[in-house]
Amino acid sequence: MPVTFHIPGTLREFTDGRNTIEIEQSPATLADALSALWKLYPRVRDRMATEQGQIREHVNLFIGDENVRYTGGLASPIAAGSEIWIIPAISGGWGVTSGPGRERPAKFGIVDSREKESLFVFRLTGTVVREFRRTMLKGHELAEFREQLLDWFRQFRRDLPWRRTKDPYRIWLSEIMLQQTRVAVVIPYYERFVERFPNVQSLATAPENEVLRLWSGLGYYGRARNLQKAAQQVVVRHGGNFPANLEELLALPGIGNYTAPAVLSIAFGEKLAVLDGNVARVLARIGTIGGYLRESQRWQGLQEMANSLLDPESPGDWNQAMMELGATRCTPKSPQCLICPVAQFCEGCKLGIAGSLPEKRKKHATVEIHLAAAVFADENGWTLLLPPPEDQNNESLADYVPATVSRLWHFPTVPVSGDSVAKLRSVLGELVAKKQNGNLRLFAAGKIRHTVTYRAITVQPYRINTKKLPRIKGAERVPLQEVTVLPVSNLTRKIARAALEAVSSVSQKRRELSFR
DNA sequence: ATCCAGAGAG
DNA sequence: CTCTCTGGAT
């Protein structure tokens with residue numbers, strides 16, 4: 001009789017999706033059985049055991065109904081045919097191992113009863129299906145959640161230079177540096193920076209070059225410039241005292257909705273919850289929040305959730321704990337739910353779907369754009385190009401045709417639906433003197449396809465042969481063969497080529513005719 | 001909402 | 001190279 005391991009959802013990605021694994025040999029002890037399992041699936045080992053080979057604190061093992069904690073741990077004897085259950089620390093749930101579309105029978109519900117320091121196992125019959133929904137922690141559960149996370153953070157927090165100060169200037173500096181770079185990279189930069197610029201005054205009065213030199217290697221130099229600009233504003237407007245309220249902080253360049261609450265909570269203990277990418281991911285998993293998180297309404301909802309979870313007693317630690325959890329445990333890929341201090345409060349973990357949250361942004365559906373372009377050609381083969389559009393304040397840039405086609409020199413272009421000739425004529429009528437317009441003859445050249453990000457553009461070029469080029473305000477005259485003497489986009493080049501080919505095929509036909 | 005800048009993954 | 005991600009700005 002083989003020994004069977006039951007694998008939790010959180011580990012299945014390491015077992016080729018299997019939820020049970022049979023060990024054919026007859027292991028004498030749990031340690032032997034685990035060795036056999038880990039040999040088959042080595043990555044399971046990392047999640048279950050420390051490097052020293054100890055079972056991680058948040059992993060529970062059951063042989064049948066017995067928690068191995070009380071049957072001798074790794075030395076527990078294994079009988080032939082034993083069923084061994086690997087259970088992540090989940091409490092307060094009722095064996096919720098199913099979600100929509102994942103009909104798995106629920107085997108266990110575990111309630112962690114702290115008073116008795118023991119675990120109770122409940123066998124459930126049938127299937128439990130939980131809806132995919134948002135949950136809000138409150139009351140006793142919320143208090144417990146806060147305590148667990150803060151305890152974890154205070155125990156495991158890394159000793160980082162900016163965690164040894166309450167100086168808002170230094171907190172701010174670290175936040176700006178950390179926005180863009182890993183902790184390990186930031187440390188030496190941070191230390192050099194505060195040594196040279198120990199306070200906001202020294203930063204404000206430094207030559208910009210020196211600031212950039214100390215920043216050099218971190219990238220995002222615009223943020224270094226903003227940093228100094230903000231320091232100067234702090235000195236001039238606030239007498240060198242770092243503003244301690246949200247509005248004034250947000251008014252400083254480079255400080256936005258993330259940085260302001262971070263500085264205020266950590267340096268001043270203000271009760272403001274931060275929401276960055278890490279925190280958002282944690283929240284999405286805790287509350288099983290589907291959809292793309294950056295969508296404005298959803299992001300707002302996440303901010304509210306963050307606000308409600310914030311521990312009012314220690315907002316700074318709380319915010320850092322949430323971010324640290326996201327950075328070190330609740331990571332984007334394969335979250336370590338098995339060793340997460342708050343797994344028991346996490347719907348995503350309970351449903352075994354934490355790793356598939358948050359959802360990716362849906363690809364922007366491609367928008368089909370149909371345009372018609374006018375390619376004038378005079379007797380000498382010269383054409384007309386319009387200048388790059390000025391800033392369009394009143395018109396959405398995306399809808400503005402020349403901008404769609406690129407903000408460079410371009411042929412007169414109009415959006416069309418239906419009769420493109422008529423549309424182009426009417427628009428040209430506004431540009432070109434009336435008497436000339438009536439005589440314009442439009443020859444359709446080959447259609448052009450062009451793709452820019454999510455836009456699929458089809459252009460119908462019309463060649464318009466004229467004796468003299470019309471006068472159009474701002475337009476520039478160039479030889480059609482050499483439109484590239486002005487800065488043009490690839491699309492404009494394609495249009496020019498199509499217009500040239502069209503005319504050559506026309507003249508070829510004429511030649512063919514004349515030979516007869 | 002959308003754009004931008006810059007970095008990093010693939 | 002392209003695609004994706006992030007926080008700020010508008």
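Naming: A, B, ... by sequence-line order, numbering from 1 per chain.
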Of the candidate nucleotides C/dG8, B/dA9, C/dA9, which contains the atom at the shortest distance from the side chain of A/Gln179?
-> C/dG8
Counting heavy atoms from C-beta on, name the nucleotide in C/dG8, B/dA1, C/dT6 closest to the side chain of A/Arg294.
-> C/dT6
Within 45° cone of A/Tyr189 ring axis and under 6.0 Å: A/Arg192 NZ or CZ | yes
On the ring face of A/Trp162, is A/Arg170 found with NZ or CZ under 6.0 Å from the centre and within 45° of the axis?
-> no
Non-hydrogen atoms of A/Tyr292 and A/Lys360 that approach each other most closely = CD1-C, 4.2 Å
For A/Lys333 and A/Gln297, take the nucleotide of DNA chain B holding the closest heavy atom to each; which residue's nucleotide lies nearer the 5' end?
-> A/Gln297
Would you call A/Arg158 and A/Glu324 a salt bridge, taking side-chain N to carboxylate O under 4.0 Å as the test?
-> yes
Rounded to whole Å, how long is the line connecting atom [atom1] of [X] with atom [atom2] of [N]?
{"X": "A/Trp299", "N": "C/dG7", "atom1": "CH2", "atom2": "P", "value": "6 Å"}
{"X": "A/Glu295", "N": "B/dT2", "atom1": "CD", "atom2": "P", "value": "11 Å"}
{"X": "A/Ile255", "N": "C/dT6", "atom1": "CD1", "atom2": "P", "value": "21 Å"}
{"X": "A/Leu252", "N": "C/dG8", "atom1": "CG", "atom2": "P", "value": "12 Å"}
{"X": "A/Lys360", "N": "C/dT6", "atom1": "NZ", "atom2": "C1'", "value": "16 Å"}
{"X": "A/Asn257", "N": "C/dT10", "atom1": "CG", "atom2": "P", "value": "13 Å"}
{"X": "A/Arg182", "N": "B/dA7", "atom1": "CZ", "atom2": "P", "value": "13 Å"}
{"X": "A/Ile176", "N": "B/dG6", "atom1": "CD1", "atom2": "P", "value": "15 Å"}

Using a heavy-atom cut-off of under 4.0 Å over every strand shown, decide if A/Thr181 touches base, sugar-phosphate, or nothing.
-> nothing
Just by distance, with hydrogens left out, do A/Gln179 and A/Tyr220 show a side-chain donor and acceptor under 3.5 Å apart?
-> no
Is the shortest heavy-atom distance from the side chain of [X] to the side chain of [Y] under 4.5 Å?
{"X": "A/Met323", "Y": "A/Thr328", "result": "no"}
{"X": "A/Glu476", "Y": "A/Trp409", "result": "yes"}
{"X": "A/Glu347", "Y": "A/Ile286", "result": "no"}

Identify the residue among A/Leu264, A/Leu252, A/Val263, A/Ile255 that makes a side-chain contact (heavy atoms from CB on, under 4.5 Å) with A/Pro243.
-> A/Leu252
Below 4.0 Å: OP1/OP2 of C/dG7 and any side-chain N or O of A/Thr259 | no
Would you jot down, in residue-number order, the residues of residues 269-281 of chain A having a non-hydrogen atom under 4.0 Å from DNA chain C?
-> A/Asp276, A/Gly277
Mind listing the residues from residues 209-234 of chain A sitting with a heavy atom below 4.0 Å of DNA chain B? Number order is fine.
-> A/Gly219, A/Tyr220
